[in-house]
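For reference, the structure discussed in these notes is given below.
So you know, we letter chains A, B, ... as the sequences are listed, proteins then strands, and number each from 1. Scope of the values below: all heavy atoms of this structure, side chains included, with no hydrogens, waters or symmetry mates.
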Amino acid sequence: MCFSEQMGAVFLRDLFSTPYVHGCRVDGGIALSIGIKGNVTIVHGPRGCAFKKRISSTRCIDVPVLVCTNLDENDTIFGSEDKLAQAIYHADQQYRPQLITVLLTCVTGIIGDDVQGVIAEAKKRVKARVIWADTSGFSHRDFKDAFKEVLKEETHAYRYPRQQRLTLVMGGAEQLLKCMVEQLMEDPRLYGGVKEKSAFIFPTRWLHKNWADYLAETEEIFQAAGVRIKTFPFMETEVEEIIRLPQYKLNLMGKSQWPKLMKERFGTEYLPDFIEYYNSPFAEAIESFYLDAAKILGVEKEISAIVTAKLAWLRKELEPYRKVFEGKKLAVLRGLPRREMPYEMPYLIVSLLVNLGFRLVYMDLDYAHLYRGLDRQSIDEHLAAIRGAFAGYEADLELQVEATLEEEVAALKRHRPHLVITSFDRKWIPPSLGIPAYVPNVFSVYKGVGGTLKAVREIYREFARPSFYRVPPIYAREHELLKYDQQRYPVLCQLMPAINSWEVNNYGEGKAGNRSNQRL
Amino acid sequence: MEKEKQAIEVTSGCKVFGAYKALCGIEGIVPVIHGAMGCFGNNTFFQMAQDESLLKGACCALQERDVIFGSEKKLEKTLETVKEHYQPEVIAILGCCVPALIGDDIEAVRNAEELPTVYIDAAGFRGWEWEGYEEALLSLLPFIKRQERKRKSINILGLDPFAPKAGADARELTRLLKECGYEVNAMLALHTSMEEIREMGSAEKNVVLGGYGLRLAEAMESELGIPYEVTDFPYGSYLTEKFLKQVTGSEYVEDIMTSLRRSYLILHRLYDLPVALVGDYGRVTALKKFFSTELGFDVRFTAIISGSPIHPQQDENLLTINSTIRAMKDELKLILGTSFQKRAAGELDLPLIRISSPVYDEVFLYDNCPYMGYRGAIVLVEKIINSFLNSYLKERW
């Protein structure tokens with residue numbers, strides 16, 4: 001078990017992914033930079049900006065080293081350039097890093113120091129490479145516009161999975177990646193030019209151990225086809241490797257804006273990877289991913305043979321499960337609204353199960369946290385796109401939006417599914433009706449051939465558990481004491497003013513309660 | 001000690017963190033973080049890591065256009081939202097770095113607001129965490145009514161909901177004071193209502209734990225004639241007895257030895273135990289006395305990560321603190337500190353008992369199991385003993 005799977009880290013990660021603990025761009029910058037071996041991050045701002053950031057919001061570990069320039073009033077008046085320079089020298093001498101990453105904060109974003117000049121000067125005196133990114137906490141776009149844009153893009157992606165759009169701008173991690181392209185990566189001609197038949201995967205954040213397994217599998221497949229491939233596990237990424245990334249012909253995980261920038265500067269090709277259609281846990285997508293990559297790398301024949309064999313093996317492995325699952329009824333209960341992956345997870349897992357013969361009979365989706373910022377039309381279009389994605393499989397799917405607990409229980413009683421896919425906070429509901437429940441790992445969807453098999457084995461283990469009935473646990477029974485919000489279970493009613501205030505303030509003008517629990 | 005001039009690894013938060021922890025435990029007040037979204041997230045994370053059911057506050061979530069065009073409109077909108085969803089008695093505006101730099105006219109927004117508001121200039125570059133706490137408590141002064149004083153009634157200042165065992169310690173102090181015939185009028189800043197704040201003027205005196213809340217106590221003395229006493233945090237039987245005597249004049253004592261004698265042999269073994277103590281000024285000074293004078297520990301290293309009005313100096317650099325602990329590798333057997341010592345404790349394979357904020361990796365659910373007071377002395381000794389007994393013994397040759 002790696003540390004990110006330990007229960008303590010999981011508890012913290014649950015807290016970080018709730019819709020009421022909001023990070024800023026500095027969090028994203030730190031999340032990315034701590035995965036680089038030999039890096040020291042300097043938060044250039046007042047102490048408070050570095051204080052909470054000692055706990056990485058993605059890894060839920062305390063950041064080993066996080067230097068802060070600790071700005072005070074004088075620095076805002078007379079400038080903080082000297083302090084930044086000293087911090088860079090101090091970090092270089094104290095920690096002997098290969099890379100120093102300077103992250104700007106609100107204060108340094110406003111007072112307008114010549115950060116570039118300081119760094120240019122410092123570079124002459126330090127051994128480490130130095131880069132900087134403007135991660136000012138205020139430098140994000142309007143949430144309302146962003147959510148609308150994201151939902152539109154996802155809707156488009158559900159309808160036309162091969163026509164990905166790339167307008168999504170991520171936070172601090174994306175900003176830092178762009179800076180790495182501009183400030184760290186070097187012209188491949190310095191190293192003998194671009195290597196044909198070469199590719200890399202650079203995760204924008206390092207998540208679960210499943211990522212490591214997935215990266216290993218990808219390496220194995222490409223290497224077998226004669227492709228030189230580089231992947232970057234957490235804490236094992238060497239700075240020199242990032243510098244030489246433009247040597248590779250293809251960026252296999254071209255999520256967001258930085259691959260575009262890399263293409264502009266160095267001509268590096270990329271595969272768009274927006275809703276993770278590629279390498280999602282079902283065979284067609286895995287095949288598409290490898291074949292699309294193979295076309296660019298000129299190894300179609302080799303990859304096609306390897307992937308075909310892999311998928312044939314996967315199909316053979318899955319066959320016993322398919323026999324068991326064929327015709328069985330499946331339901332999906334949405335979980336706690338999350339800022340990350342609120343939509344893709346059910347789609348990917350359910351796609352996998354439907355491909356294995358399950359009949360999807362009921363699905364409950366959640367847009368509650370977006371309502372105030374979104375017009376009805378955008379949500380309707382998104383729902384229709386999801387429905388369309390399953391239309392080929394099921395005609396009698398019941399799709400609900402933000403069903404209450406009572407409505408969810410009623411739906412399960414009505415449909416009596418053989419298995420329910422849900423999240424940890426609702427896992428008690430199906431067993432209270434004698435139905436097994438599976439909770440996918442929302443933090444890192446299983447990917448690739450190995451991931452697919454792993455997911456199916458886990459699902460089968462839950463499915464095949466001896467039939468059991470378990471009364472609801474005390475925290476679910478004591479509604480009167482705990483007072484859960486019925487629409488957003490398990491959020492407590494007493495947290496709703498804070499959540500409502502946040503949403504109204506940031507997502508739009510609307511009022512609470514325009515929920516439309518309609519059957520579509 | 002002068003404030004660190006060089007780059008540091010920070011040990012405590014900025015002013016807004018201190019102000020938020022002073023106000024979020026007061027019912028009827030809603031703190032509004034007038035800053036970028038990360039400023040809000042920093043606070044809510046530490047708050048919810050201690051109590052998932054306590055989330056109070058709102059954030060203006062300032063963005064680029066607010067920096068350019070001013071953030072007054074955003075603040076107005078946030079105040080409206082807060083009024084609609086919370087129905088607060090008072091709104092506390094905590095001004096962060098961005099409005100402090102762009103020079104927003106917060107006063108104009110406050111003047112236009114019908115509901116009572118307080119403003120705390122909590123810009124991170126303007127001070128330390130404890131200064132934010134002091135200023136936030138001081139901002140409550142206008143709400144405290146001058147009134148007839150009730151005998152044997154006191155206000156306690158210096159607690160906050162982010163500290164380990166905060167709820168249990170508050171309950172223990174209330175219990176002990178009651179045993180001495182005293183009633184707690186208001187407990188700042190934990191589970192307190194605005195009504196209790198208003199009634200603070202009826203107390204016989206203010207008790208300032210560890211010096212925290214001193215600014216408000218001083219102001220109440222000069223404005224309302226209410227005297228105050230600064231006391232140590234009552235850790236251990238000696239400091240508890242001293243606390244009760246100082247505050248109430250009573251010599252009330254409870255027997256802790258009947259419980260402790262169940263581990264009398266282990267207690268003997270713990271004599272001269274080398275420990276490191278890291279935390280805020282109030283806790284470190286009081287616990288040092290408890291460990292040294294009552295348990296016979298050898299407190300080899302102390303670090304004050306957050307100061308107090310009676311001791312503004314603080315050890316600011318986590319690098320220095322943790323490096324010192326690491327360097328003492330073979331000398332130490334136990335660390336009492338914060339979650340920020342977790343990595344060092346793990347590397348040294350030493351037990352870590354969290355006694356001071358910031359704590360994000362331990363919850364404290366049972367409010368009858370304090371660290372302060374007579375009961376707290378037993379609980380703390382039990383926790384220390386078990387931290388050794390529970391560890392897995394790795395056989396090494």
Please rank [options] by heavy-atom pairs under 4.5 Å with chain B and give me the top one.
options: A/Pro46, A/Ser501, A/Cys106; result: A/Ser501
options: A/Gly137, A/Ala498, A/Gly45; result: A/Ala498
options: A/Cys49, A/Cys68, A/Gly109, A/Ala87; result: A/Cys68
options: A/Asp27, A/Thr105, A/Val65, A/Asp75; result: A/Val65

Using a cut-off of under 4.5 Å on heavy-atom pairs, state which of B/Cys59, B/Cys39, B/Ala58 scores highest against chain A.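 Of the options given, most contacts go to B/Cys59.
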Only one of B/Thr324, B/Asn317, B/Ile325 clears side-chain contact (heavy atoms from CB on, under 4.5 Å) with B/Ile321; which?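 So the option named by the test is B/Ile325.
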B/Glu9 bridged to A/Arg54 by N-O distance under 4.0 Å: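 A salt bridge is present here (some side-chain N lies under 4.0 Å from a carboxylate O).
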Look at B/Lys83 together with B/Glu80 and state whether they make a salt bridge at an N to O cut-off of under 4.0 Å.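 Salt bridge between B/Lys83 and B/Glu80, a charged N being under 4.0 Å from a carboxylate O: yes.
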B/Phe46 ring center within less than 6.0 Å of B/Tyr20 ring center: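 Distance test on ring centres: not under 6.0 Å, no.
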Under 6.0 Å between ring centres, would you say that holds for A/Phe51 and B/Phe340?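 Yes - the distance between ring centres of A/Phe51 and B/Phe340 falls below the 6.0 Å cut-off.
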To the closest 0.5 Å, what do you measure between CD1 (A/Ile110) and CG (A/Leu104)?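 Reported to 0.5 Å precision, the distance equals 11.5 Å.
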Can you tell me which portion of A/Ile88 sits under 4.5 Å from chain B's heavy atoms? Options are side chain, backbone, both or neither.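 For A/Ile88, there is no contact with chain B at all, as no heavy atom is under 4.5 Å.
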Quick check on [X] against chain A: is it the side chain, the backbone, both or neither that has a heavy atom closer than 4.5 Å?
X: B/Val98; value: both
X: B/Leu54; value: backbone
X: B/Asp361; value: neither

A/Tyr484/A/Tyr489 under ring-ring contact (aromatic ring centres under 6.0 Å, His included): CA gap, chis, key distance, verdict: CA-CA 6 Å; A/Tyr484 294 110; A/Tyr489 179 87; 4.7 Å; yes
